[in-house]
Amino acid sequence: MSKYTFRSIEEKWQNYWAQNQTFAAKNDAVGQPKFYVLDMFPYPSGAGLHVGHPLGYIASDIYARYKRHKGFNVLHPQGYDSFGLPAEQYAIQTGQHPSKTTQENIARYREQLDRMGFSFDWQREVRTSNPDYYRWTQWIFIQLYDSWYDTVQDKARSISDLIAIFEQAGSGALNEDLNAVLMQNLPEELTSFNAEQWQGFTPEQKETILSEFRLTYLAESEVNWCPALGTVLANDEIVNGVSERGGHPVVRKKMKQWSMRITAYAQRLLDGLENIDWPEPLKESQRHWIGRSQGASVRFDIKGHQGQIEVFTTRPDTIFGVSFLTLAPEHELVAALTTPEHKEAVEAYVTASAQRSERERMADVKTISGVFTGAYAIHPLSGVQLPIWIGDYVLAGYGTGAVMAVPCGDQRDFDFAKHFDLPIPNIFKDISIENEAYALKDPCIIDQSDFLSGLNYAQACLAAIKALEDCGHGHGTINYRLRDAVFSRQRYWGEPFPVYYKNGMPQMIDPEHLPIVLPEVDAYLPTEDGDPPLGRADQWAWDTEAHCVVAKELIDNKTVFPLELNTMPGWAGSSWYFFRYMDPNNQSEFASAQALDYWGSVDLYIGGSEHATGHLLYSRFWVKFLFDRGFIGVDEPFKKLINQGMILGESAFVYRSADGKQLVSAGRIKDYDAQILQSVHCDVAMVSLTNELDLEQFVAWRPEYNSAEVITEADGTFKVKREVEKMSKSKFNVVNPDDICDQYGADTLRLYEMFLGPLEQSKPWSTAGITGVHGFLKKLWKLYHSGDVESFCVSEQRPSSDALKVLHKTIKKVNADIQEFSFNTSVSTFMIAANELTALKSNQREILEPLAVLIAPYAPHIAEELWALMGHKQSIAAVAYPEHDEKYLVEATKTYPISFNGKTRFTLELAMDLSKEQIEAAVMADERTIAQLQGGTPKKVIVVPGKIVNIVG
RNA sequence: GCAGAAGUGGUGGAAUUGGUAGACACGCUGGACUUAAAAUCCAGUGGACAGAAAUGUCCGUACGGGUUCAAGUCCCGUCUUCUGUACCA
């Protein structure tokens, strides 16, 4: 009866927690502090969970349980990021509806998660593909569409405010930044208008202007289009200019797509990083992604031409070092500028670089290429004529797609100038630019630069900007690398847009008629015309009278209109899900003000670092937007973030000869020419802990080796070679947590995953050490049991001071460890405690009750069982976490009374813990120090066994 | 190239943040129990040298310097490995 039967214990308590709603969070806990612990929710893939997935969940669960013991009202929910590509790919191949696949996968995930004893509040589960959920994703989209960013108040406001401004005062009421927006993309007649002119614009003209301000807008943007596959590909789906799957050619194609104006928030996204507790590397990569650089915008007039070329530079101090301009091949002025005699060469160059993929261009940085346009720009300060070149080292996507080339100060400009034999004026005093450009800003003086000569970098920048502003050819500015985010996907399995088109203009559907539910289609592929999969839906038109989705054939462009065919990207649903957990069943709002106010932001967020510039940036953007518009009260979603490391797999390789006729054991490969041997993955399930392969199983799995000659080790075994790789189905190195739970139990799995090493570090999975952790749990169990029959036995006697010391030492360490997220060392601490208490044969209630609570966050099942055996009726989850008492830890203090020569007493503060005997021996042994000791009471005495090293004070 | 993190026994990893390096665990070796195996328990386990033994001495935290009574920890330089990112003007 009383062996540690983990299977039945774990099942019992998992059922108990589910039935009693032990971990339900309250939205109205008066007077109780709240704590919100969140995991990055998973995409439910068909492969199920492997042992790497739970690592972060175990850590967050320990913390959540710990906080409950500490008296917090803890919100610890879980859900699914259930829109996504794999389910759609599977649908394309099999015709099975992605929603069915997704539901099956979720069921499997849930089963696996339940076995590990997580304290999730499942009442609050959310799924991004659920219409009740994406209804609010659509709602947020509409709010973004109905908003603009006011750079004066530095926040998003309703678009109706902007319309009111235009109606009252026209575009003149806008500040400089906002006016610049008007100048950028609009036809000239719309760039400046007064109130009457605004009133006179057609609705289309008004909309064209407004869409320059809306936080989500339709724009022509470039995509990677693969005609053969009939779909758009992401950058990482393209390898060497052809599609990863099938190797079909990919072209860049402009398509009308929704974009998110995240650039409006660039500065605030940067500033916000200062106030959140995130790992520095992750903040660093967000900073880099946002890529703020300060400099100047300079406009060059063009000889014999109307327009201007605008460039961005971080070095306005080098303005007199400019010897030519370079445009990106895609620059809009290229065609207009090029003189007839250079037309042919320029066109050839532009076509050639258009055919090179972006990746190719980036990879190939060494080759210098370019072509002269025949046109000249006028230097705004000196009036000198500067040749205008085209070069593909200038990127269309950064800055203005044009640079002022300063060969003496920039290595790329220098190389370009050398290659095409362009002048390289030196504007740095006493610095040689014979062989390379001088790119440093600091210890140099500007020379040969008119009024800038003699100034240093900072002075020259200010003076140059002032001069440019005075002559109307530039101004100081800040440039960001961050681009607006394309928000349309030509896919089926994503949120439909709440948008229909009236005369080609997008219209939002009234939020009260949401959700717009994903329609049925006959296949999950694009249409023959290249429309996205939603183009196949029959029921896909909007009836503006009945306010519902109707059949496409009813479209009459009077009351029934076509709906948007794109869907939203994966990050749409994941950018706000953490708010939905607060009030998951709300039918009238995405969450109630009361719930949002109570829970605020996520106190602790645990997940992988791969989301640094995706999910974690977009979420911050949406949260700041929702904050601006007054829907929520916080402007950062995640106060503290921890990246758990990845658990890697240990792949196993079998060596075979190239013709497959021989299999060679790992220890014998040195006898063979390495050239002719190949390694192939084999399933780790067929390999023992000593790397021995079960050949029978292997041959059954791979019958092609049925007749192969097997070269074994001397002892007749066949060994594989191990290598650490990412865990993946295709590498046959996946370890399923279910198997571990079957063999050792969930508590062992939880402790072992923590024991493997620091949470934030990546580490290979190896089952080798798991028996140690399992043995510890058995030892713990035995502490509460006695005798040969191992019956439950806890003594009511007072424990010894040694036992109390062990307990309080453990309490102190574990409390400190949890607060620092060093879960690995607290597992060791538990093991030490169990060893010491076993040695002391200490089984008193006063020791064993706190011990059970202490371990409950880590190994909740066994803790609950022991707690119940000790006669408690309520779950251990509600018990206060033990606090240590210093009085049991006397030896940890560093103050010792010392007497020698029979009479004198001193109180010494020591640099390390030593016994009284050791200190006295040291004092007596060191005659040199006795005089010093007699002179007063030293502050600090450095003692190592046997001698005193130093006395301070 | 740039940025960030790291380098400790056969292995995973500890080290109170400057105080006896190698906790804890795996593995290995020996022992107890057993007909035997498994399980369990006990002991040993960084290296070298000396000793029958307890024990002692020296060397040891990637490498080379430095600061300090004292350095895995702090400073300078070098090497290596990961992880991002990249013609960013």
Side-chain angles (χ1 to χ4, degrees), chain A residues 279-289 291-293 295-296 298 311-316 318 322 325-326 328 358 361-368 391-395 397-406 409-413 415-416 439 479-482 609-610 612-613 643 645-646 689-690 724 751-752 755-758 760-776 778-779 782 809 812-813 816 822 824-835 838-839 892 894 910-914 918 940-952:
Chain A
E280 198 48 44
L282 202 139
K283 285 192 190 179
E284 206 42 51
S285 72
Q286 287 212 350
R287 285 194 196 103
H288 183 261
W289 192 259
R292 178 193 151 110
S293 50
V298 186
V311 304
F312 173 76
T313 178
T314 52
R315 298 294 302 274
T318 62
V322 178
L325 300 190
T326 316
E358 207 165 318
R361 251 168 87 172
M362 286 182 200
D364 179 20
V365 281
K366 274 157 262 148
T367 334
I368 294 163
D392 67 1
Y393 77 96
V394 178
L395 303 177
Y398 183 76
T400 59
V403 300
M404 56 176 228
V406 183
D410 183 285
Q411 193 58 44
R412 292 155 304 170
D413 295 343
D415 294 340
F416 196 84
N479 191 49
Y480 296 94
R481 200 183 80 105
L482 187 70
S609 58
E610 65 272 20
T613 51
N643 290 131
M646 203 191 310
L689 281 177
T690 52
V724 173
L751 284 168
Y752 185 59
F755 185 68
L756 272 177
E760 307 200 48
Q761 194 173 300
S762 288
K763 53 236 159 187
W765 174 266
S766 141
T767 320
I770 201 164
T771 52
V773 172
H774 189 63
F776 154 70
K778 286 199 257 186
K779 195 176 272 182
K782 276 193 183 168
K809 194 173 72 180
K812 189 177 182 180
K813 182 81 167 77
S822 326
N824 56 327
T825 51
S826 32
V827 177
S828 297
T829 308
F830 288 132
M831 290 181 181
I832 295 167
N835 287 343
T838 304
K894 292 178 178 177
L910 301 170
M912 64 178 113
D913 294 335
L914 291 174
Q918 281 175 300
K940 192 176 181 186
V941 180
I942 313 298
V943 183
V944 294
K947 66 173 181 181
I948 290 186
V949 179
N950 192 30
I951 300 172
V952 184

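Just so you know, these numbers use all the heavy atoms, side chains as well, and skip hydrogens, waters and symmetry mates. The sequence lines fix the lettering, A, B, ..., with proteins before strands; numbering per chain opens at 1.
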Could you check how far [atom1] of [X] sits from [atom2] of [N], rounded to whole Å?
{"X": "Gln286(A)", "N": "U85(B)", "atom1": "CD", "atom2": "C1'", "result": "14 Å"}
{"X": "Leu395(A)", "N": "C87(B)", "atom1": "CG", "atom2": "P", "result": "6 Å"}
{"X": "Glu280(A)", "N": "A3(B)", "atom1": "CD", "atom2": "C1'", "result": "11 Å"}
{"X": "Gln411(A)", "N": "C2(B)", "atom1": "CD", "atom2": "C1'", "result": "15 Å"}
{"X": "His288(A)", "N": "C87(B)", "atom1": "NE2", "atom2": "C1'", "result": "12 Å"}
{"X": "Asn643(A)", "N": "G84(B)", "atom1": "CG", "atom2": "C1'", "result": "12 Å"}
{"X": "Tyr752(A)", "N": "U11(B)", "atom1": "OH", "atom2": "C1'", "result": "10 Å"}
{"X": "Glu760(A)", "N": "U83(B)", "atom1": "CD", "atom2": "C1'", "result": "13 Å"}

**OP:** Report the nucleotide, chosen from A89(B), G4(B), G13(B), that has the shortest atom-to-atom distance to any side-chain atom of Val403(A).
**Re:**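 Of the candidates, A89(B) comes closest.
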Original post:
Out of C87(B), U85(B), A14(B), which nucleotide sits closest to the side chain of Asp392(A)?
Top reply: C87(B)
Original post:
Toward the 5' end of RNA chain B, which comes first, Arg315(A) or Pro281(A), by nearest nucleotide?
Top reply: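 In this pair, the answer is Pro281(A).
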Subject >> Ser293(A) or Gly757(A), whichever maps to the more 5' nucleotide of RNA chain B >> reply: Gly757(A)
**OP:** Please work out the stems of RNA chain B from pairs that are Watson-Crick or G-U wobble with both distances under 3.5 Å, keeping only runs of three or more consecutive pairs.
**Re:** B:1-7 with B:79-85, B:10-12 with B:24-26, B:27-32 with B:40-45, B:46-50 with B:55-59, B:62-66 with B:74-78
Subject >> Side-chain donor or acceptor of Lys763(A) paired with backbone N/O of Pro758(A) under 3.5 Å >> reply: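 Yes, because the side chain of Lys763(A) sits within donor-acceptor range (under 3.5 Å) of the backbone of Pro758(A).
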Original post:
Okay, side chain of Arg481(A), backbone of Tyr398(A): is any donor-acceptor separation there less than 3.5 Å?
Top reply: no
Within the structure shown, what part of the strands sits under 4.0 Å from [X] by heavy-atom distance: base, sugar-phosphate, or nothing?
{"X": "Lys813(A)", "answer": "nothing"}
{"X": "Pro758(A)", "answer": "sugar-phosphate"}
{"X": "Gln761(A)", "answer": "sugar-phosphate"}

Could you work out the separation of [N] and [M] based on their [atom1] atoms and round it to a whole Å?
{"N": "U61(B)", "M": "U80(B)", "atom1": "C1'", "result": "16 Å"}
{"N": "G27(B)", "M": "G46(B)", "atom1": "C1'", "result": "15 Å"}
{"N": "U67(B)", "M": "U73(B)", "atom1": "C1'", "result": "14 Å"}
{"N": "G31(B)", "M": "A38(B)", "atom1": "P", "result": "14 Å"}
{"N": "G13(B)", "M": "C24(B)", "atom1": "C1'", "result": "9 Å"}
{"N": "G72(B)", "M": "A21(B)", "atom1": "P", "result": "8 Å"}
{"N": "A43(B)", "M": "U78(B)", "atom1": "C1'", "result": "45 Å"}
{"N": "C69(B)", "M": "U16(B)", "atom1": "P", "result": "22 Å"}

Subject >> Contact check, side chains of Val827(A) and Tyr752(A), non-hydrogen atoms, under 4.5 Å >> reply: no
Subject >> Minimum side-chain heavy-atom gap Arg315(A)-Val406(A) below 4.5 Å >> reply: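 No - every pair of side-chain heavy atoms lies 4.5 Å or more apart.
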To the nearest 0.5 angstrom, please state how far the [atom1] atom of [X] sits from the [atom2] atom of [Y].
{"X": "Thr771(A)", "Y": "Phe776(A)", "atom1": "OG1", "atom2": "CZ", "value": "14.0 Å"}
{"X": "Thr326(A)", "Y": "Asp413(A)", "atom1": "OG1", "atom2": "CG", "value": "6.0 Å"}
{"X": "Ile368(A)", "Y": "Arg412(A)", "atom1": "CD1", "atom2": "CZ", "value": "11.5 Å"}
{"X": "Thr825(A)", "Y": "Lys813(A)", "atom1": "OG1", "atom2": "NZ", "value": "4.0 Å"}

**OP:** For G9(B), measure the glycosidic angle (O4'-C1'-N9-C4 for a purine, O4'-C1'-N1-C2 for a pyrimidine) and name it syn if it falls within 90° of 0, otherwise anti.
**Re:** syn
**OP:** Check the chi torsion on U85(B) and let me know: syn if it falls within 90° of 0, anti if not.
**Re:** anti
Search all heavy atoms of [X] against all heavy atoms of [Y] and return the closest pair with its distance.
{"X": "Ser293(A)", "Y": "Thr314(A)", "value": "CB-CG2, 4.0 Å"}
{"X": "Thr318(A)", "Y": "Met404(A)", "value": "OG1-CE, 4.1 Å"}
{"X": "Gly772(A)", "Y": "Met831(A)", "value": "O-CE, 4.3 Å"}

Subject >> Below 4.0 Å: OP1/OP2 of A14(B) and any side-chain N or O of Asn824(A) >> reply: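 So the side chain of Asn824(A) is within the cut-off, an N or O lying under 4.0 Å from OP1 or OP2 of A14(B).
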Original post:
So, is Arg287(A) close to the U85(B) phosphate, meaning a side-chain N or O under 4.0 Å from OP1 or OP2?
Top reply: no
Would you tabulate the nitrogen or oxygen pairs shorter than 3.5 Å linking the protein to nucleotides 23-29 of chain B?
| unit_1 | atom_1 | unit_2 | atom_2 | d |
| --- | --- | --- | --- | --- |
| A25(B) | OP1 | Asn835(A) | ND2 | 3.1 |

